[in-house]
Enquirer: 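Below you'll find the structure I mean.
By convention in this document, chain letters (A, B, ...) are assigned in the order of the sequence lines, proteins followed by strands, and residues within each chain are numbered from 1.
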2 protein chains.
Amino acid sequence: MASIEEVAKLAGVSTATVSRALSGRGHVSPASRAKVEKAAGQLGYVVSSNASSLASGRTRNIGVVVPFLNRWFFSSVLEGAQQALLRHGYDLTLYNLAGDGQERASVFEHFLMRQRVDAVIAVSLELTPPEVTRLHELGKPLVGVGGPIPGVHTLAIDDGAIAKLATEHLISLGHTRIAHIGGSSEFDLDFHLPSHRRIGYESALTEAGLTVDPRLFAAADFMVPGGYTAAKQLLGNPRDRPTAIFAASDEMAFGSILAARDLGLSVPGDVSIVGIDDHDLAEFFGLTTVAQFPRVQGERAVDVLMNELEPGRGEVPAPTATPLPYELRVRSSTARPAA
Amino acid sequence: MASIEEVAKLAGVSTATVSRALSGRGHVSPASRAKVEKAAGQLGYVVSSNASSLASGRTRNIGVVVPFLNRWFFSSVLEGAQQALLRHGYDLTLYNLAGDGQERASVFEHFLMRQRVDAVIAVSLELTPPEVTRLHELGKPLVGVGGPIPGVHTLAIDDGAIAKLATEHLISLGHTRIAHIGGSSEFDLDFHLPSHRRIGYESALTEAGLTVDPRLFAAADFMVPGGYTAAKQLLGNPRDRPTAIFAASDEMAFGSILAARDLGLSVPGDVSIVGIDDHDLAEFFGLTTVAQFPRVQGERAVDVLMNELEPGRGEVPAPTATPLPYELRVRSSTARPAA
DNA sequence: CTGAAAGCGCTAACAC
DNA sequence: GTGTTAGCGCTTTCAG
């Protein structure tokens with residue numbers, strides 16, 4: 001492995017110049033730069049990130065903490081963040097806080113803190129105040145995606161507004177008995193979106209002069225089987241069967257579509273179904289949904305971080321204010337209720 | 001941020017002792033160890049991984065390269081690897097080679113090489129000989145998962161055997177017109193499993209004295225919509241409709257089940273369907289499949305690496321030889337063909 | 001614009 | 001079992 005010294009020797013300059021030429025910091029004459037680049041190329045030189053980090057205090061590495069890897073939302077956010085980081089020349093080290101509190105503590109104390117990252121992106125995780133404080137003490141910027149972290153710059157879609165939009169779509173089609181499949185309360189611990197979405201749903205109903213019927217709510221776990229089970233309950237109701245279901249996630253909406261089919265109900269003939277996400281399979285299922293662009297959320301999180309880490313690069317001024325985009329995508333799972 | 005020196009001072013020992021006590025390398029008296037641990041605790045000391053890496057040459061960090069993040073197989077392998085690494089005290093830095101060759105080259109030249117990782121795990125990626133050579137030159141162990149990399153220790157299930165097993169299950173039930181939905185040839189570029197699985201399927205047929213009918217093969221992209229489309233083609237055939245479909249992935253099998261339903265065919269009444277994977281939703285769909293435990297594959301890859309990186313820890317002797325497990329899981333999507 | 005030199009914080013011989 | 005010390009390879013003042 002060629003070292004900076006060898007490059008300097010070959011290029012006929014000092015190591016300082018090599019460093020400057022290759023990192024882009026500080027001025028170097030075009031001539032020297034050319035010589036350095038040539039030498040570096042010949043030697044296959046690549047900086048040692050450790051030596052560089054140690055000397056400069058910057059690691060060019062971002063820690064990303066997610067609670068799940070195999071769910072559409074999280075893997076999409078991760079993908080967006082990864083790509084954006086790559087463009088900025090940063091690496092991404094991944095921490096999957098799947099397990100218990102034990103594992104979580106371990107990740108925090110022994111991993112994130114070892115100065116290995118310049119900043120952290122927490123996806124749908126509610127960090128505790130001590131955790132946040134610790135990070136701040138270390139001067140590590142922290143940005144949250146999709147989860148409310150007190151005192152932290154968080155990127156999150158307006159769950160209430162999204163849920164309201166989805167519900168209003170159903171109302172505008174003429175539905176009055178609209179069921180909701182939302183998260184069970186346990187999910188509220190780490191990310192409050194279940195309740196926010198439920199509130200949005202209820203407020204749309206109320207504003208339209210409809211009453212909120214608690215029997216039209218079913219809790220599930222955001223996944224397909226959960227949505228299926230919940231929808232079966234809802235749709236199996238012998239009287240007052242809902243004519244529409246608003247599911248808090250596309251996966252639960254897929255489950256609902258399958259449940260309806262299994263009951264011999266047609267979608268959207270007998271029941272309209274709308275979700276939230278715009279999952280990869282939404283198109284396939286013809287699902288009407290509110291898209292929330294998680295990839296973009298990941299990219300945005302990186303933008304925010306880059307702003308803090310490398311100011312003056314002419315980035316967006318105040319991304320804090322930028323609302324995250326969402327968009328109703330009407331497909332074939334919703335229609336006017338049967339007369 | 002407390003440094004090792006402060007800890008040493010507070011504990012009344014030298015920095016070397018602190019290092020030894022905290023890293024576990026070399027002998028330290030219980031008394032000193034206790035003092036050091038107490039001091040470190042009080043100061044909230046955590047080693048600087050950069051300084052440590054620079055001095056020792058070990059980063060305790062593994063690079064994992066995957067082509068996709070949002071597919072069940074890959075995220076599962078990643079999850080397994082992440083967890084196993086955590087147990088060993090290693091970090092995982094993630095490289096997603098989603099994009100073009102440009103991005104790929106960049107990852108290779110500028111990221112993997114910056115001495116940030118001790119080893120790399122390549123998932124379903126066929127690295128080119130120069131890439132492999134480069135890694136070897138740097139003395140970085142490399143292990144492949146699911147993809148054949150020439151000259152590299154690779155963990156892969158026996159795709160031929162798995163496909164054969166799935167097909168034999170169908171044959172043993174009495175099916176003779178068995179269709180296969182496999183990967184299109186473009187997929188063969190990076191991971192050859194499509195052709196291996198097709199070969200397994202064909203050999204099962206041949207051994208049972210059945211003829212291989214090319215009209216019973218359809219190519220797809222391993223995902224649900226692709227499987228759906230392929231299955232519709234296969235099942236829509238007005239004469240000689242197959243009585244069973246063997247799909248090379250569970251997602252394509254799900255698509256096939258949905259296609260059958262949409263055609264009014266019952267599964268397994270009119271058509272039996274079997275997949276490969278044991279995807280999270282296989283249970284939900286009642287899909288008979290051959291499980292391939294990707295999480296375990298990720299963990300195994302880590303085991304192999306740890307063996308190379310930290311020999312003499314009493315690990316498994318020769319994991320090279322260890323065949324990866326797979327298992328037929330019979331559910332409700334397969335049955336004898338209708339009489 | 002460039003070079004010399006002082007560390008960044010830790011580990012690993014090497015002595016004791 | 002423990003301390004001393006020489007680096008690991010780079011960045012960054014500080015001069016020039």
Side-chain angles (χ1 to χ4, degrees), chain A residues 1-37 39-40 43-61 89 110 113-118 138-139 309-310, chain B residues 1-37 39-40 43-61 89 110 113-118 138-139 309-310:
Chain A
M1 202 61 211
S3 77
I4 197 172
E5 212 151 342
E6 303 176 46
V7 178
K9 199 157 295 171
L10 182 57
V13 297
S14 72
T15 60
T17 300
V18 174
S19 174
R20 285 190 278 253
L22 262 25
S23 71
R25 299 176 199 285
H27 288 237
V28 180
S29 74
S32 305
R33 159 164 286 116
K35 281 188 295 184
V36 169
E37 278 167 358
L43 267 40
Y45 171 76
V46 187
V47 297
S48 152
S49 60
N50 289 311
S52 169
S53 302
L54 183 57
S56 70
R58 278 176 272 93
T59 65
R60 296 186 80 74
N61 187 30
H110 301 299
M113 299 307 170
R114 324 193 247 212
Q115 313 262 28
R116 186 160 270 168
V117 300
D118 288 338
L138 292 169
L309 257 22
E310 308 181 355
Chain B
M1 204 60 214
S3 76
I4 196 172
E5 213 151 342
E6 303 176 46
V7 178
K9 199 158 294 170
L10 181 58
V13 297
S14 73
T15 60
T17 299
V18 174
S19 175
R20 284 191 278 252
L22 262 25
S23 72
R25 297 175 200 287
H27 288 235
V28 181
S29 75
S32 307
R33 160 163 286 116
K35 281 189 294 183
V36 169
E37 277 166 358
L43 267 39
Y45 171 77
V46 188
V47 297
S48 153
S49 59
N50 289 311
S52 169
S53 302
L54 184 56
S56 70
R58 278 177 272 93
T59 65
R60 296 186 79 76
N61 187 30
H110 301 301
M113 300 307 170
R114 340 190 235 213
Q115 313 263 25
R116 187 160 270 168
V117 300
D118 288 339
L138 292 170
L309 258 22
E310 308 181 356

Enquirer: In whole angstrom, give the distance that lies between atom CD of B:Gln115 and atom C1' of D:dG9.
Expert: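 Atom CD in B:Gln115 sits about 9 Å away from atom C1' in D:dG9.
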Enquirer: Given C:dT2, is OP1 or OP2 found less than 4.0 Å from the side-chain N or O atoms of A:Thr17?
Expert: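 Answer is no, no contact under 4.0 Å.
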Enquirer: Measure from CG on B:Leu43 to P on C:dC10 and round the result to the nearest Å.
Expert: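 Roughly 11 Å, once rounded to whole Å.
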Enquirer: Tell me: CD of A:Glu5 to P of C:dG3, nearest whole Å?
Expert: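 Between P of C:dG3 and CD of A:Glu5: 13 Å.
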Enquirer: For a 4.5 angstrom cut-off between non-hydrogen side-chain atoms, does A:Val18 reach A:Val13?
Expert: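 Of all side-chain heavy-atom pairs linking A:Val13 with A:Val18, at least one is under 4.5 Å.
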Enquirer: Roughly how many Å is it from CG in A:Leu54 to C1' in C:dG9, rounded to a whole number?
Expert: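 Checked: the CG to C1' distance equals 6 Å.
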Enquirer: Would one find a side-chain N or O of A:Ser52 under 4.0 angstrom from OP1 or OP2 of D:dT11?
Expert: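 Answer is yes, contact under 4.0 Å.
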Enquirer: Start with the C-alpha gap between B:Arg116 and A:Ser53, add the side-chain angles, then the distance that decides, and say whether side-chain contact (heavy atoms from CB on, under 4.5 Å) holds.
Expert: CA-CA 11 Å; B:Arg116 187 160 270 168; A:Ser53 302; 4.2 Å; yes
Enquirer: Whether A:Arg58 contacts D:dT12 is assessed here as follows: a side-chain N or O lying under 4.0 Å from the phosphate OP1 or OP2. Is that the case?
Expert: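 For D:dT12, OP1 or OP2 has a side-chain N or O of A:Arg58 closer than 4.0 Å.
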Enquirer: Contact between B:Thr17 and B:Val28 at the side-chain level, heavy atoms closer than 4.5 Å - yes or no?
Expert: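 In short, these two side chains touch, coming nearer than 4.5 Å.
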Enquirer: To the nearest Å, how far apart are A:Asn50 CG and D:dC8 C1'?
Expert: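 Going from A:Asn50 (CG) to D:dC8 (C1'), I get 9 Å.
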Enquirer: Choosing from D:dT11, C:dG9, C:dA13, which nucleotide comes nearest the side chain of B:Ala16?
Expert: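 It is C:dA13.
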Enquirer: Using a cut-off of strictly less than 4.0 Å, decide whether B:Ser14 has a side-chain nitrogen or oxygen near OP1 or OP2 of D:dG3.
Expert: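 Yes, because at least one side-chain N or O of B:Ser14 sits under 4.0 Å from OP1 or OP2 of D:dG3.
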Enquirer: Under 4.5 Å between any side-chain heavy atoms of B:Val36 and B:Arg20, yes or no?
Expert: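 Result no, sub-4.5 Å side-chain heavy-atom pair not found.
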Enquirer: If you compare every side-chain N and O of A:Ser48 against the phosphate oxygens of D:dG9 (OP1, OP2), does one of them come in below 4.0 Å?
Expert: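 Negative; the distance criterion is not met.
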Enquirer: How close or far is atom P of C:dC8 from atom CD of B:Glu6, stated in whole angstroms?
Expert: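 Distance, rounded to whole Å: 12 Å.
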Enquirer: Return yes if some donor-acceptor pair links the side-chain N/O of A:Asp118 with the main-chain N/O of A:Arg58 below 3.5 Å, else return no.
Expert: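 Such a contact is absent between A:Asp118 side chain and A:Arg58 backbone.
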Enquirer: In terms of side-chain heavy atoms of B:Ser56, which of D:dC10, C:dA12, D:dC8 is nearest?
Expert: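 For B:Ser56, the side-chain atoms sit closest to C:dA12.
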Enquirer: According to a strict under-4.0 Å criterion, is B:Ser32 in side-chain N/O contact with OP1 or OP2 of D:dT2?
Expert: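 Yes.
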Enquirer: Tell me whether B:Glu37 contacts the main-chain N or O of B:Ala34 through its side chain, where contact means a donor paired with an acceptor under 3.5 Å.
Expert: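 Not a single qualifying donor-acceptor pair exists.
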Enquirer: Regarding B:Val13, tell me which of base, sugar-phosphate or nothing describes its non-hydrogen contacts under 4.0 Å with the strands shown.
Expert: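 Sugar-phosphate, no base atom in range.
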Enquirer: Side chain of B:Val28 only, please: which of C:dA12, D:dT2, C:dC10 is the nearest?
Expert: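 For the B:Val28 side chain, the nearest candidate turns out to be D:dT2.
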Enquirer: Rounded to whole angstrom units, what separation is found between the CD1 atom of B:Ile4 and the P atom of D:dT5?
Expert: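 From B:Ile4 CD1 to D:dT5 P: 16 Å.
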Enquirer: Roughly, in whole Å, what's the span from CZ in B:Arg25 to C1' in C:dC10?
Expert: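 Interatomic distance, CZ of B:Arg25 to C1' of C:dC10: 13 Å.
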Enquirer: State whether the distance check finds a donor on one side and an acceptor on the other, under 3.5 Å, for side chain A:Arg20 versus base C:dG3.
Expert: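 Donor-acceptor pair under 3.5 Å: yes.
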Enquirer: Is any side-chain nitrogen or oxygen of B:Thr15 closer than 4.0 Å to OP1 or OP2 of D:dG3?
Expert: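 Indeed not, no polar side-chain atom of B:Thr15 lies that close.
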Enquirer: Within the pair B:Ser19 and C:dT11, is there a side-chain N or O less than 4.0 Å away from OP1 or OP2?
Expert: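 The answer is yes; a side-chain N or O of B:Ser19 sits under 4.0 Å from OP1 or OP2.
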Enquirer: If you assign each of B:Pro30 and A:Val47 to its closest nucleotide in DNA chain D, which residue comes earlier from the 5' end?
Expert: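 That would be B:Pro30.
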